[in-house]
Structures are given as C-alpha cells and as structure tokens.
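Atoms within each ligand, like the ligands themselves, are counted from 1 in listed order.
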Amino acid sequence: MEKLNVAVVGATGAVGREMVSILEERDFPFADLKLLATERSAGTVINCKGEEYVVEVTTPESFEDVDIALFSAGGTASKKLAPEAVKRGAIVIDNSSAFRMDGEVPLVVPEVNPADISKHNGIIANPNCSTIQMVAALKPIYDQVGIKRIVVSTYQAVSGTGKDAMDELQEQTRAILAGDEVKAEVYPKQITFNALPHIDVFFDDGYTKEELKMVNETKKIMGDEEIKITATAVRIPVLIGHAESVNIETNAQLTVEEAKKALDNFSGVRVVDNPTELVYPVQLDTEETDDVLVGRIRKDDTIENGLNLWVVANNLRKGAALNTIQIAEKLI
Ligand code: NAP
Ligand code: 12T
C-alpha cells in the first residue's frame, strides 16, 4: 500500500486521541503524521507507533504535503480549515456536523454506503455518532424487507460532548459523594445521578439538533427520503458508549430469528441477545469491542410488521474515530 501523509486536527480531544490510537492499532500506512490542535495544547507530546509527535497549532499552511486530513475539532474549525486543506490537495474526512448535509459531500458508514466515498470533491463527512450505530444495525434489516418508520430514543454518554464533559461528570460525582458544592458548567443541569432530554441546541419546533441530525443523516446514508423517523436524544451519566431503543416498522414481515440472522451476518454488527441468561449489550461492553451490539430483539405486536431493538456502540470509536479511519482505509 502507498504511504500517505496524514494530519489529525483536534488530536488532543476525546475523539482525536482515539484516532491516534486507532492509526496505531490498525497499522495505518502513514509516512508522516501531523498532530494539530490550538495554542492551548501546542507542545503536547503524543506517542504513535513508537514515535513521539509534538502537537502543533493548526494553520492553513499546516496542510502543505498532507494527503489525508482527519478533522475532529468542532464545526467552526472545520468550516474555516477544511477548505484550506482541500485547496492544498488534501482529502478531508470531517467529524463535525459542518458539511454532513451538503449535497456535494458524501456521508459515509463504510458497512452501509461505501460506494458514496468515490463521489467526494475533497471532503467526506463522518455521520453523527448516534446515526452511525443506528444505520449499521438497521441496514441488514432494510436490505431484507425495507423500513417504513423508525422511532428511536437514545441514551448517550457524556464523551460525545468532549473531554470537558467527561471531566464534569467525574468532578460532580466526586463533589456529591464528598458533600461539596456541585457545579454545572458544560451542561445546563447536573448530569451526575440525572438524565437530560437535551443534546445539542433546541429549535423552535421543540426538537434538538441532535434529533434532527438522526432524521436527516439516516435518510441520506440509506439513500431513502421516504423513511419516516422520529427521535428523542437523552444524555445519561455514562462516560463512554451510546445506547438506543429503536422501534421499526418494516414493509414486510421479518421474524425475530430472521432479524438475528441478518444482523449477525452483517459486518461490524453482533447480536448479543439471550435474556434468559441475562445476556444483553450494555455501554461498558463497548470498551472491549468495536462492533455495534444489538440485543433485546422483540416483535412489536402493536403493528403488523414491527420490531424492537436495543443498539449499543462505542461513540468515540465506531461513532467517530474508527468510522473516520475506516473511511480513510476504503479511500486508499
Ligand atoms: P474535545 O475533547 O473538546 O476536543 C476538541 C479538540 O479540537 C481539541 O484537540 C482542541 O484542541 C481542538 N480544537 C478546538 N478548536 C480548534 C481549532 N480552531 N483549530 C484546531 N483545533 C481545534 O472534543 P471531541 O469530543 O474530541 O470532539 C471534537 C469534535 O468532533 C466535535 O466538536 C464534533 O464536531 C466532532 N464529534 C463528532 C462525533 C460524531 O458524532 N461523529 C462525536 C464526537 C465529536 P485544544 O486541545 O488545543 O483545545
Ligand atoms: N453535540 O458530531 O454532544 O454533531 O454528544 C456529536 C455529539 C454533536 C456531532 C454530543 C454533539 C455531535 C454531540
């Protein structure tokens, strides 16, 4: 394989650090690796494949000689710097929501719509973490019988917000147990011992941006504007791993056994479903596996062709860094 120069923008963040680990774990064939962030963390030393890399401030010139730029530094940084990287000949794979719904930008989950990668004009978008795990679990069912309608509620980890939110959950927990004053800075309300039906910003119609992302991104990735989707996104006091309760109405009947078989045969998905033996997937399982785990698969008897699923995945890895690097691997 040809060796490429790779840059990671946001290398010191919750997602960026996973990107660096995954480049090493998967022995990604890079020639040079550039780790980029802001002046806040410039000078930080990060190891990858036995070499030490010093984090640099990101500037437009950082992208000279870069072949692939993996962005995970937020939408503002992506909007400003991704075009600078493309101008200098790099292909950008972007983790922010900045370009996901742009008609010129493919939105890709490699197991679901790999062919879209080749339509890029310099930028490829990585979907939202909650969307990625849901479409990975639904694609094998969609391919068998089609899906008419999806009703999803999420149970999302604080790491989706970034490293400051992970610190806040731990610090609030410590403060509560010590009887100290509890401060809420990242989230508008205490997250420890609580659940907030609020992820990203609210719109006038009462939905949040996270919920809208799940609706629009799912249609784009599946290439089906007809699927009806409604979502409720909830933050829970878990550090890593998102779970989702997914109710679907299919176009034709699929038994629970047929659904399990289709899911288990699909790359990147694993059925973990034997409730009588207390076997069902939980967030902590995602520290050990990169698979999207599906359990609690049941028939929904309130409609003709209904199924209920519980879908769990690591939001920092399959939901972000791993999916990005899988796109890069397909690209080369
Ligand atoms: P984080 O832990 O807060 O880290 C943010 C990173 O971005 C840090 O490395 C920070 O550098 C860097 N950064 C911030 N502004 C920058 C700028 N103007 N130029 C260059 N680097 C900049 O956040 P995170 O959880 O890793 O998430 C980062 C972004 O990834 C999010 O904002 C979101 O867009 C995206 N994301 C996507 C998903 C998904 O659903 N696929 C999931 C999580 C995150 P310093 O250390 O110098 O501050
Ligand atoms: N606000 O990539 O807070 O659009 O968990 C992902 C996660 C935005 C995104 C979160 C967010 C995104 C969160």
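Every atom of ligand 2 with a heavy atom of Lys213 under 4.0 Å away is listed here by number and element: 4 (O), 8 (C), 9 (C), 11 (C), 12 (C). Every atom of ligand 2 with a heavy atom of Asn95 under 4.0 Å away is listed here by number and element: 2 (O). The Pro127 neighbourhood of ligand 1 comprises atoms 39 (C), 40 (O), 41 (N), with distances under 4.0 Å to a heavy atom of that residue. If you number the atoms of ligand 2 from 1 as listed, the ones under 4.0 Å from a heavy atom of Asp200 come out as 1 (N), 8 (C).
Among Val109, Ile68, Ile91, Ile117, the one residue that satisfies the side-chain contact (heavy atoms from CB on, under 4.5 Å) test with Ile327 is Ile117.
Residue-level proximity to ligand 2 for Glu217 is absent, since no heavy atom of it falls below 4.0 angstrom. With a 4.0 Å heavy-atom cut-off, ligand 2 is reached by the side chain of Asn128 but not by its N, CA, C or O. Contacts between Ala42 and ligand 1 below 4.0 angstrom, taking non-hydrogen atoms only, are absent altogether. Contacts between Asn126 and ligand 1 below 4.0 angstrom, taking non-hydrogen atoms only, involve the side chain exclusively. With a heavy-atom cut-off of 4.0 Å, Asn315 does not touch ligand 2 at all. Counting heavy atoms under 4.0 Å from ligand 1, residue Val15 touches it through both backbone and side chain.
Annotation for Tyr280: atom OH does not count as buried by contact number, only 12 or fewer foreign heavy atoms lying within 6.0 Å. Shown here is Tyr53, whose OH atom has more than 12 heavy atoms of other residues, nucleotides or ligands within 6.0 Å. Summarising the local packing, CG of Asp204 is surrounded by 12 or fewer heavy atoms from other residues, nucleotides or ligands at distances under 6.0 Å. Few gaps surround CG on Asp102; more than 12 heavy atoms of other groups in view lie less than 6.0 Å from it. In this structure, Lys261 places its NZ atom where only 12 or fewer heavy-atom neighbours from other residues, nucleotides or ligands lie under 6.0 Å away. Residue-environment remark: CD (Glu61) exceeds the threshold of 12 foreign heavy atoms within 6.0 Å.
Taking distance alone, with nitrogen or oxygen atoms compared against 3.5 Å, Leu81 stays at or beyond that limit from ligand 1. Any N or O atom pair closer than 3.5 Å counts here, and Glu39 shares no such pair with ligand 1. Any N or O atom pair closer than 3.5 Å counts here, and Gly319 shares at least one such pair with ligand 1. Considering backbone and side-chain N/O of Asn95, one or more are found under 3.5 Å from N/O of ligand 1. Considering backbone and side-chain N/O atoms, Lys163 comes within less than 3.5 Å of an N/O atom of ligand 1.
The protein heavy-atom contact nearest to atom 25 (O) of ligand 1 is Gly162 CA, 3.1 Å. Among all non-hydrogen protein atoms, the one lying nearest atom 45 (P) of ligand 1 is Ser41 OG, 3.4 Å. For atom 12 (C) of ligand 1, the closest non-hydrogen atom on the protein side is Gly10 CA, 3.7 Å. The protein non-hydrogen atom at the shortest distance from atom 2 (O) of ligand 2 is Arg100 NH2, 2.7 Å. Among protein heavy atoms, atom 20 (C) of ligand 1 sits closest to Thr58 OG1, 3.3 Å. At the shortest separation from atom 10 (C) of ligand 1 among protein heavy atoms lies Thr12 OG1, 4.1 Å. Protein heavy atom in closest approach to atom 28 (C) of ligand 1: Ser72 O, 3.2 Å. The nearest heavy-atom contact from the protein to atom 3 (O) of ligand 2 is Arg235 NH2, 2.7 Å. Of all protein heavy atoms, the one lying nearest to atom 32 (O) of ligand 1 is Gly74 CA, 3.1 Å. Scanning the protein for heavy atoms near atom 18 (N) of ligand 1, the closest one is Ala77 CB, 3.6 Å. Of all protein heavy atoms, the one lying nearest to atom 13 (C) of ligand 2 is Gly160 O, 3.5 Å.
Lys3 and Asp32 are not joined by a salt bridge, as no carboxylate oxygen comes within less than 4.0 angstrom of a charged side-chain nitrogen. Asp290 and Arg317 are joined by a salt bridge, as a carboxylate oxygen and a charged side-chain nitrogen come within less than 4.0 angstrom of each other.
For the atom pair CG (Leu33) and SG (Cys48), the distance works out to 5.5 Å, reported to the nearest 0.5 Å.
Taking each of Leu35, Asp200, Thr38, Thr161 in turn, the one with a heavy atom nearest to atom 22 (C) of ligand 1 proves to be Thr38. Of the listed options Gly160, Ser130, Cys129, Cys129 places a heavy atom closest to atom 40 (O) of ligand 1. Of the candidates Ala125, Gly16, Gly13, Ala73, the one placing a heavy atom closest to atom 21 (N) of ligand 1 is Ala73.
Aromatic ring centroids of Phe63 and Phe71 lie under 6.0 Å apart.
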Stepwise, does the salt bridge (Lys or Arg N to Asp or Glu O under 4.0 Å) test hold for Lys318 with Glu111?
CA-CA 11 Å; Lys318 185 56 194 170; Glu111 294 87 347; 2.9 Å; yes
Steps toward side chain to side chain donor-acceptor pair (under 3.5 Å) verdict (Thr44, Ser41)
CA-CA 6 Å; Thr44 306; Ser41 59; 4.7 Å; no
Test salt bridge (Lys or Arg N to Asp or Glu O under 4.0 Å) on Arg26 and Glu329; report intermediate values, then the result.
CA-CA 10 Å; Arg26 296 173 76 95; Glu329 288 171 349; 2.8 Å; yes
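Ala259 and Ile297 get closest at one heavy-atom pair: CB-CG2, 4.4 Å.
A heavy-atom separation below 4.0 Å is found between Asn128 and ligand 1.
Under a hydrophobic-cluster definition in which Ile, Leu, Val, Met, Phe, Trp and Tyr are linked whenever side-chain heavy atoms come within less than 4.5 Å, directly or via other members, Phe193 and Val182 are assigned to the same cluster.
A donor and an acceptor atom, one from each side chain of Glu304 and Gln253, are nowhere located under 3.5 Å apart.
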